[in-house]
Amino acid sequence: MIVVLLAVVLVITCAIHWYLWKRLVKDTTRTRRARRVGTALAVLLALVIPATLALSRALPHSRQALVAWPGFLWLALMFYLLVTLAMLEIPRLAVILWQRRSHSAALATASAVGSGAAPSAGWGDSSDNRNVGFARREVADKSETPGEAAVATVEPVAPVDARFNAGRRLLLGRSLAVTAGALSASAVGIGVFQAMGAPNLKRVPIRLAKLPASMDGFRIALVSDIHLGPLLGRGHTERIVRMINAVDADLVAVVGDLVDGSVAELGAAAEPLQDLRARHGSFFVTGNHEYFSGYQEWIDEVNSLGVRVLRNERVDVQGLDLAGINDLSGAGVGDAPDFGKALDGRDAARPVVLLAHQPVQAHEAARHGVDLQLSGHTHGGQMVPFNLLVGLQQPIVAGLGNVDGTQVYVTRGAGFWGPPVRFGAPPDISVIELHGA
């Protein structure tokens, strides 16, 4: 399975790098040597991505960052180069068509017999012999009959680019390459700064019709997608814990994707979670990445840190039902979400808040009368315009929405997966403030 996945990744990667080579190497170089160097670099970079995906988990944890940093940064830059160059295809085509029309008009004017007008050479060097047009010159027609005056005639003498000469093509290619490079590098730079910086602290008021008056103003510190791994370690967890504790929340909810690695590799990085403080405790539900990282060991580990793992179950919190269900990925390993087990038999007059990693689980939650679902998973798209693709699979990408009558709030998460880049989707920790309707 892994071999097939890597093969698919390699094919897609090669196709993308072929396009980047065409626009960034072929269209911008004049000499064979420069093109050979650019081609070699494109081939090398194409191999970097599957190598990164393979080695970032195969190497010892202490060395994974050496591969992950360059590999995932290039993945992000490649993505934005692809997007930017694709968007620039429209102005590129417009410039080419305009120049061809202008040059054709110039040739038509110059071909008028006796006009004596030389055609426009277009943009750049007219010596390019890969395309043909007509240059004109006047010559004296020497008559063989004595006494007749010489007559000026016009005859074709040399080829001229009739489409789009090489000099201008080179200028256009380089201009678009520089533009795409500058925009892409800026997006990645800003994204790295946001991804590696402190999450935004968002305060989100939400009204629940059934909320007891005694719970008005109840605050839930919500965090998701911490993604401890090769690039995010103990310091990341400590910063998140400090930020949550400073809020002085009534309850803490960690809704999945805590780790990308085993307990042996990342147990120390997760350890600061034991310092979380909240009046009614801290709770956790599994995300899809826990099922790639030894979920049972992590369930035991998180519980040992004083963060209660809710596994298709609910608890009473001052007259509110707090429920938690397993992630959808658990179905593949016999640990599927079970809404009936978590929600059946409860008092329908009480409000219920559900912790579920993926927003798409809200469809089933609505059928069980859930008032509010708190989720993560999407990263808000992490790198715009990925948010558009995420929206095809999840009903809500970020923020507060409604799914089949159930309110759903989706946090962008505090970490990242893959590229250490968050562009247009900054990380956050959300403080949910519950109020009566």
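Computation of the quantities below employed the complete heavy-atom set of this structure, encompassing side-chain atoms and omitting hydrogens, waters and symmetry-equivalent molecules. All figures in this text were calculated on a predicted structure; none of them were measured in a lab.
- The structure places CG of L93 at 14.5 Å from CH2 of W98, a figure rounded to the nearest 0.5 Å.
- The local environment of CZ in R63 is sparse, with at most 12 non-hydrogen atoms from other residues, nucleotides or ligands closer than 6.0 Å.
- With F283 as the fixed residue, the side-chain contact (heavy atoms from CB on, under 4.5 Å) test singles out one of V302, I220, L251: L251.
- Within a 6.0 Å radius of CZ in R239, other residues, nucleotides and ligands contribute more than 12 heavy atoms.
- Across P230 and A65, no two heavy atoms sit closer than the pair O-CB, 3.6 Å.
- Summarising the local packing, CZ of R30 is surrounded by 12 or fewer heavy atoms from other residues, nucleotides or ligands at distances under 6.0 Å.
- For the side-chain contact (heavy atoms from CB on, under 4.5 Å) with E290, the qualifying choice from N326, D327, L258, D335 is L258, the only one to do so.
- S375 is not listed as a side-chain neighbour of V255, based on a closest heavy-atom distance of 4.5 Å or more.
- Between H289 and F292, the ring planes lie perpendicular to each other; the angle is over 60°, past the 30° to 60° tilted range.
- A distance-only check finds no donor-acceptor pair linking the side chain of S282 to the backbone of V307 [under 3.5 Å].
- Between the side chain of N303 and the main chain of V309, a donor-acceptor pair closer than 3.5 Å is present.
- When all heavy atoms of N402 and G405 are compared, the pair lying nearest together is OD1-N, 2.9 Å.
- In this structure the side chain of L320 never reaches within 4.5 angstrom of the side chain of Q318, judged on heavy atoms.
- Heavy-atom minimum distance, L73 versus P420: CD2-CG, 3.9 Å.
- A heavy-atom distance below 4.5 Å is found between the side chains of K26 and R35.
- When side chains are defined from C-beta on, E364 does not count as touching Q373, because their heavy atoms never get closer than 4.5 Å.
- Atoms CZ and CG, on R346 and D344 in that order, are 9.5 Å from each other to the nearest 0.5 Å.
- Considering all non-hydrogen atoms of both residues, V285 and G324 come closest at CG1-CA, 3.6 Å.
- Interatomic distance, CG of D27 versus OG of S175, reported as 11.5 Å (0.5 Å rounding).
- The two residues A76 and P419 have their closest heavy-atom pair at CB-CB, 3.9 Å.
- Of the possible polar contacts, none joining the R92 side chain to the A86 backbone as a donor-acceptor pair under 3.5 Å is found.
- More than 12 heavy atoms of other residues, nucleotides or ligands shown are found within 6.0 angstrom of OH on Y19.
- Using cut-offs of 30° and 60° on the angle between ring planes, the pair F72 and W417 is tilted.
- With values rounded to the nearest 0.5 angstrom, N288 atom CG is found 5.0 Å from H377 atom NE2.
- The shortest distance between side-chain heavy atoms of K210 and D371 falls below 4.5 Å.
- Under the 4.5 Å side-chain criterion, counting only non-hydrogen atoms from C-beta, W298 is in contact with L266.
- The CG atom of D250 sits 4.5 Å away from the CZ atom of R279 when rounded to the nearest 0.5 Å.
- Under the 4.5 Å side-chain criterion, counting only non-hydrogen atoms from C-beta, R23 is not in contact with L176.
- Within a 6.0 Å radius of CD1 in I90, no more than 12 heavy atoms belonging to other residues, nucleotides or ligands are found.
- Within the 3.5 Å criterion, the main-chain N or O of A180 finds no donor-acceptor partner in the side chain of T84.
- There is a side-chain donor-acceptor pair under 3.5 Å between D260 and H227.
- A donor-acceptor pair is defined here as one N or O able to donate and one able to accept, closer than 3.5 Å; such a pair exists between the side chain of H236 and the backbone of I226.
- Partner R412 forms a side-chain contact (heavy atoms from CB on, under 4.5 Å) with one of K202, H379, Q382 and no other, that one being K202.
- Taking 4.5 Å as the limit, some side-chain heavy atom of R219 sits within range of a side-chain heavy atom of D248.
- Side-chain atoms of R207 never come within 3.5 Å of backbone atoms of H435 as a donor-acceptor pair (strictly under, hydrogens ignored).
- To the nearest 0.5 angstrom, L231 atom CG is 9.0 Å from Q64 atom CD.
- Side chain of T406 to main chain of V370: a donor-acceptor pair is present (N/O by atom type, distance under 3.5 Å, no hydrogens or angles).
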